[in-house]
Each structure stands twice: as structure tokens, then as C-alpha cells.
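First the structure, in the form of C-alpha cells, and then the observations on it.
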Amino acid sequence: MSVDYHSDQIFYRYKKIEELIKQGVEPYGEKYEVTHYSQDIHTKFTGLEGKTVSIAGRIMTKRGHGKASFAHIQDSRGKIQVYIRQDSVGEENYNFFQELDIGDIIGVTGEVFKTRTGEITINIFSFRLLSKSLRPLPEKWHGLKDVELRYRQRYIDLIVNPEVRNVFIIRSKFIQSIREFLAKEDFLEVETPVMHSVAGGATARPFITHHNALDLDLYLRIATELHLKRLIVGGMERVFELGRIFRNEGISTNHNPEFTSVEIYQANADYEDMMKLTEELVASVAQKVLGTLKIDYQGRELDLSLPWPRKDLIEVIKEITGVDFSSINDDAEARKTALAHGLEIEGNEKKGEIILTFFEKFCEDRLWGPVFVKDYPVEVSPLARRCRHNPQFTYRFETFMAGKEVANAFTELIDPLDQRERFEQQVKKRIAGNEEAHMMDEDFLTALEYGMPPTGGLGIGIDRIIMILTNSPSIRDVILFPTMKPK
RNA sequence: GGGCCAUUAGCUCAGUUGGCAGAGCACCUGACUUUUAAUCAGGGUGUCCCAGGUUCGAAUCCUGGAUGGCUCACCA
């Protein structure tokens, strides 16, 4: 048997397993019939006092007092104290219980009572070892703090740090509530390919994989956008997809290579409708999951009460930097302004690109929000419809909360001729070396050529909103297994 | 990819000027029949992240590397 007992503690526990087997005790048992969760016993104590209950969970603490012992058992809902005494289970069983270790999973049956110090407790009269733990758990008082271990061995983090479990419960409820909200609004959840022959719908570098039988390189999707719009062409007037997307870029407290988005498309709608949908969806789901619209994020309040303000991108830049791009008329002048503000430029940027850079560098992280920033330059919005009053801009907005971009939406570009021109502009950038620029997607253009109804589209970054709702400083705190280099 | 910081017992952390490797919890031996971070008596269990170097002597100083965190760049 190959057991890594590099420490004495693992060695002792391994010896215990051998001893158990010798005594005919199964160290890895079958299921235990449970009647309650630990939480039930606390919340329904009045009705349960004196009754017999069965629970199963992991031993988290142990306090032996000679011929009686206390322990805490943790299940998915919390912890409950158990009490066992030799004169109620017999000497043999009692000695066996004493041999159990912190970390072992056991099932217990006993009577609910309250100790003299007032703690709700189960007085055990029978129990069974369900799973022997060979490795010692981190310390009970300080828990597991080493962030590397917390991410690499999230299961330990979940066992010993209850607040971590809570983050992921909120995450699950949040996602479930989004589904419920959209279903109620008649949106249909769909699943589109994760492997794409053209990676489109966003400005990002894709991961590449390979299909052996077809001898074909494929990209992992960087967005769900273009397939969902094909479905709008197909007459599915309200669709959404909630799922993982992949971008082959840097890792930071706000970026993980794989992350979760929900993209929502609604025919006969525009970006004004998407703003309403965004604020209603986020606010109602936050209210449901957290019970409040006033959120504390890293010591500062974020108020999600409706309506959220709408601001023009150009106005936001003017307010924060003093630069008025509405009076800057050509690319050269825009570049000069960028240089004057210390931005590094290559010399061939378009005005629209400079505007976006200005916004990202000087404004984004100062938008506590929630706020909708709207009307983005056409050069940086190749899938959005041009504004009627100014074709240099598009009906696109991004939503900011706590200085983070959490949503991106447009009145969709449905004109196949304009779309082709936009793709061609992107392809030029690709050829010039910009690996994030969009690829030409002929198949998508063909779909548009059949006619796509006027549509509003919206993408929401689930992880970032969950960061905010759970007051988490890093995206890795809301992803169960964040991307790590192998050790 | 750049900069800064971290890595010492299973976990959380000390470690002074370069001079025997430390504490708490956990663990081991024993006592204890309502404890609450149970208590009491005894026990240190270690590849000081790795590889070189300087030195009589390195956890400590130097060089290179690994992993992680923060940050900048890139992005959402």
C-alpha cells in the first residue's frame, strides 16, 4: 500500500486503519440514515428536545473527559455538539469513539438535549465510522490562511472556513435566481458550442485546442454572442446562455482565464431596454439573495436602488479628466491629447480608440456606481448599432459597480453590410498584429443576410458581481478552483 | 512579462548582530462522567521552498530558480 505518511500524524492514523480492519471495523463505510441536518436541531430544538435524531458529518473538535466526551460534528448546514458517555454506549464503543480523530466522518444517533451551559447537544447512544481521515486538518482557531493552499485545496478551505462556504452558497443562489428571473420574463435558456471555428463576439485572445478526427484546430469560446444572435435570426426572440467562457489573457484580482457570463438577447428591444433589464435583474436578484440593496464592498457602501444613473461616455471623461472629446475632431488631435496626458500610443490610433483608452485609464476605476456609461465609439464596438444622431458612436453601454465593469450591452448591429465593414476593419487590425481584434465570421454574416430583427443584447460578468455581493477582494475568492500553475 | 513582498513543524506564526531550530493549536503517553479554544502532568515530531556561493559557522548574507500574493502592463 502506498501511503504518503511524511508526517507522524498521518502515520498514526494509518496505523489506526490497520487496527480497525484487524478488529473487523470498516474504515470506509456505507451510507448512514440521517434524519436531520445539524441546523435543524438548532432551529427546531423546542420540538426536538428529548427526541431521537440521526446526523452525519465530520468531527471538528474533540474534548475527552475520561468516561465522557464532547465533540462537534459538522455537516453541510453547520455544526452540532455531541456528547457520549461510557455508561450509555458501553466500554467497547466508548473506547472506539475515543480513538476517532478530528477529521473523521461519522454518523451518530442520539437524544437531543441542552447541556448545563446551555448548548444544544446530541447525547449519543449509537454511532458508526463512515470515513476515516488520514490527514490532519488545519488548526481550529486560525483556520487555513495560506491563500495558495486555500485555492489549490479548496476542499480544506471549505471544511475549516465557514465563510468560504457561504460565498459559494450565495454564488449558487445568485445564479439560480438569475435563471428564475429570466424564465419569468419568457427568456429561453440555450446551449451553444463551446468550441468555435471562429472565436468571435469579443475583443480577446482565445485558447486553441485540436479535434483529432477532423484534424482541425478549434478555439474555446471567448463569448456566446454570435451564436445567440443566430438564434435571434432563427426566431427565438428571447434567449440567454449562462456559462463559462475562456480568454487567453493575464490573471489578476479581476480576471480568471475561465469565467462565467450570462448573455441575454431580446428581439424588438434596444439598449435602453437592456439598461432596464440589467438594473432590474441585478437589483431584484441581490434583494432576493442578500435581503438588501445596500451592499458593503471593501468598506464602502454600494446602493443598488433603482433607477441607476445613465451617463454619456464623453460626459464622464469630461467630468473626470476635463477633456472634451466632442470638440476634438480628428485622429491626430486625439492622439496629441493622449500624449499630453501621458498615455503611450503607437501613432496610428483612431479617435475612438483614444477615447476608450482615456476612459479605461482615467475613469473606470473611479465609477463606484452602479452607473450605466453609454454611447461608445464605433471603432471599439464592432457589433453595436451606430447612433442615429452621430454614426461615429454606437448604442452601447457598460455597467460599472465598485469601479469594475460588470456588464456590456448594445442595440445590436443587424445590418449585414455595415457588419461586414466592421469585421473588415477588425481584420485589418489583426493583420497589423492585434491578436485581440475580431476575426471575420462569414457564417454569422450569412445569418444576418437572412434578416435579424432589431435586438437588444446584454452580457453580464457573473463572477465580478458575485465578488461585489460577497465583499470579496479577488475573483479567485468566488471561483471554487481558480486557475493556478501546477506545483 | 516588469516591480515589490512572502515561503520555518500538520496548521497559525516567532526567530535579535551570522553562533545549539522555537511557541500556540494539532499530535503522542497518562489523569479526568456536562466541556466550550475543556483542564492537568509529561513528550518536539523539521528537506528552515530548491540549487549554488561567501564564511570557522547560514533559517539569517549573495546569485540563480520555483510557487504564491499585491501591483503595473494586457483584458472583462
Side-chain angles (χ1 to χ4, degrees), chain A residues 4-13 15-16 60-72 79 81-89 91 94 98 101-103 113-121 123 133-153 156-157 159-161 201-206 222-223 245-261 263 343-344 356-357 360-361 364 380 398-400 404-408 434-436 459-465 467 473-477 482 484-487:
Chain A
D4 167 28
Y5 43 77
H6 58 273
S7 85
D8 59 325
Q9 302 200 31
I10 292 174
F11 175 76
Y12 288 128
R13 290 178 181 218
K15 286 292 171 202
K16 279 185 184 175
M60 299 303 289
T61 60
K62 254 185 103 196
R63 294 176 293 283
H65 295 261
K67 297 189 170 60
S69 293
F70 290 92
H72 276 99
K79 284 181 196 169
Q81 180 170 261
V82 297
Y83 175 59
I84 185 165
R85 40 194 294 161
Q86 182 173 299
D87 56 14
S88 54
V89 296
E91 191 175 345
Y94 185 74
Q98 281 190 308
D101 290 300
I102 290 173
F113 77 111
K114 211 179 248 185
T115 62
R116 82 166 60 130
T117 49
E119 180 159 353
I120 292 167
T121 302
N123 186 4
S133 172
L134 282 170
R135 291 175 182 263
L137 288 175
E139 199 221 339
K140 58 187 167 185
W141 196 243
H142 297 94
L144 181 65
K145 287 191 174 165
D146 184 321
V147 282
E148 186 173 352
L149 289 182
R150 288 185 47 224
Y151 297 150
R152 288 190 194 276
Q153 295 181 278
I156 306 178
D157 197 26
I159 291 168
V160 301
N161 296 328
T203 305
R205 287 165 66 177
I222 56 174
I245 59 186
F246 308 86
R247 297 190 184 173
N248 202 343
E249 276 149 9
I251 296 176
S252 78
T253 47
N254 287 306
H255 301 86
N256 195 65
E258 51 179 309
F259 63 104
T260 301
S261 78
E263 287 194 35
L343 295 178
E344 284 179 25
L356 188 68
T357 304
E360 288 174 347
K361 292 281 180 248
E364 259 190 26
V380 294
E398 293 184 312
T399 309
F400 292 87
K404 303 176 199 302
E405 183 196 334
V406 296
N408 181 25
N434 183 339
E435 291 182 67
E436 286 98 40
I460 297 176
I462 299 289
D463 311 271
R464 285 189 183 169
I465 293 195
M467 283 171 70
S474 169
I475 199 168
R476 289 184 284 269
D477 295 326
M484 305 282 276
K485 273 196 193 181
K487 239 193 141 154

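Here the separation of B:C48 from B:A6, taken at their C1' atoms, is 14 Å to the nearest Å. Comparing the same atom, P, in B:C32 and in B:A37 gives a spacing of 24 Å after rounding to whole Å. Annotation: B:U60 and B:G19 have their P atoms spaced 11 Å apart (nearest Å). Here the separation of B:G46 from B:C11, taken at their P atoms, is 13 Å to the nearest Å. For the P atom pair drawn from B:A23 and B:G42, the interatomic distance equals 14 Å after rounding to whole Å. If you take atom P in B:C49 and the same atom in B:A58, they sit 15 Å apart, rounded to whole Å. As rounded to the nearest Å, B:C27 and B:U63 have P atoms that lie 43 Å from one another. When the C1' atom is used for both B:C61 and B:A76, the distance is 45 Å, rounded to whole Å.
Across all strands shown, A:N408 has no heavy atoms under 4.0 Å from either base or sugar-phosphate atoms. Residue A:N256 is classed as a base contact, given a heavy-atom separation below 4.0 Å to a base. Note on A:Y151: only backbone sugar-phosphate atoms sit closer than 4.0 angstrom, heavy atoms only; bases stay farther off. Using a 4.0 Å heavy-atom cutoff across all strands shown, A:R464 reaches at least one base atom of the nucleic acid.
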Between A:E435 and A:R205, is the salt bridge (Lys or Arg N to Asp or Glu O under 4.0 Å) condition met? List the steps. CA-CA 6 Å; A:E435 291 182 67; A:R205 287 165 66 177; 3.5 Å; yes

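For A:A223 against A:R247, the heavy-atom pair with the smallest separation is CB-NH2, 4.3 Å.
The side chain of A:K361 sits closest to B:C74 out of B:U34, B:U67, B:C74. Among the nucleotides B:U33, B:A37, B:U35, the one closest to any side-chain atom of A:E119 is B:U35. Side-chain atoms of A:I475 lie closest to B:A76 of the nucleotides B:A76, B:U33, B:C74. Taking the side chain of A:M484 as heavy atoms from C-beta on, and the options B:G10, B:G68, B:A76, the nearest nucleotide is B:G68. In this structure, of B:A76, B:A37, B:G69, it is B:A37 that holds the atom nearest to the side chain of A:K140. Closest approach to the A:E148 side chain among B:C11, B:G68, B:U33 is made by B:G68 (side chain taken as heavy atoms from C-beta onward). Side-chain atoms of A:K485 lie closest to B:G68 of the nucleotides B:G69, B:U33, B:G68. When distances run from any side-chain atom of A:R247 to the nucleotides B:U33, B:A76, B:C27, the shortest one goes to B:A76. Considering only side-chain atoms of A:Y12, the nucleotide from B:U33, B:C70, B:C27 that sits closest is B:C27. Checked against B:U34, B:A38, B:C11, the side chain of A:R63 finds its nearest nucleotide in B:A38.
Here B:A73 presents its P atom at 11 Å from CD of A:E360, a figure rounded to the nearest Å. Protein atom CD1 of A:I10 is 13 Å distant from nucleotide atom C1' of B:U45, rounded to whole Å. As a whole-Å value, the separation of A:L149 CG from B:G10 C1' is 11 Å. Summarising the geometry, the separation between NZ on A:K67 and P on B:U35 is reported as 18 Å, rounded to the nearest angstrom. The CD1-P distance, from A:I102 to B:C25, rounds to 12 Å in whole Å. Regarding A:D101, its CG atom lies at a distance of 13 Å from the P atom of B:A26, rounded to whole Å. Between the C1' atom of B:U34 and the CZ atom of A:F113 lies a distance of 7 Å, rounded to the nearest Å. The distance between atom CD of A:E258 and atom P of B:A76, rounded to the nearest whole Å, is 18 Å.
B:C40 is paired with B:G30 under the criterion used here, namely a Watson-Crick or G-U wobble arrangement in which both key atom distances are under 3.5 Å. In this structure, B:C11 and B:G24 make a Watson-Crick or G-U wobble pair, each of the two defining distances being under 3.5 angstrom. Base-pair partner of B:A6: B:U67 (Watson-Crick or G-U wobble, both distances under 3.5 Å).
For A:S88 and A:Y94, the side-chain atoms include no donor-acceptor pair closer than 3.5 Å.
With A:K361 contributing its side chain and A:L356 its backbone, the two residues share no donor-acceptor pair below 3.5 Å. Judged by distance alone, the side chain of A:N256 and the main-chain N or O of A:E258 form a donor-acceptor pair under 3.5 Å. In this structure, the side chain of A:R464 does not engage the main chain of A:K404 through any donor-acceptor pair within 3.5 Å.
Not one side-chain nitrogen or oxygen of A:R205 sits closer than 4.0 Å to the OP1 or OP2 atom of B:C74. Side-chain N/O atoms of A:T253 include none lying less than 4.0 angstrom from OP1 or OP2 on B:G69. Contact between the side-chain N/O atoms of A:K16 and the OP1/OP2 oxygens of B:C28 is found at a separation under 4.0 Å.
Partner of A:H72 under the side-chain hydrogen bond (donor to acceptor under 3.5 Å, both in side chains) criterion, out of A:K62, A:E119, A:K79: A:E119 alone.
Side-chain atoms of A:Q9 and base atoms of B:A26 include a donor and an acceptor less than 3.5 Å apart.
When each of A:S252 and A:T203 is assigned the nucleotide of RNA chain B with its nearest heavy atom, A:S252 is the one assigned upstream, toward the 5' end. In this structure, A:G64 and A:E364 both approach RNA chain B, and ranking their closest nucleotides by distance from the 5' end singles out A:G64.
Evaluation of A:F259 against the base of B:A76 yields a stacking contact (centre distance < 5.5 Å, interplanar angle < 30°).
The aromatic rings of A:H65 and A:F70 lie perpendicular to each other, with more than 60° between the two planes, well past the 30° mark.
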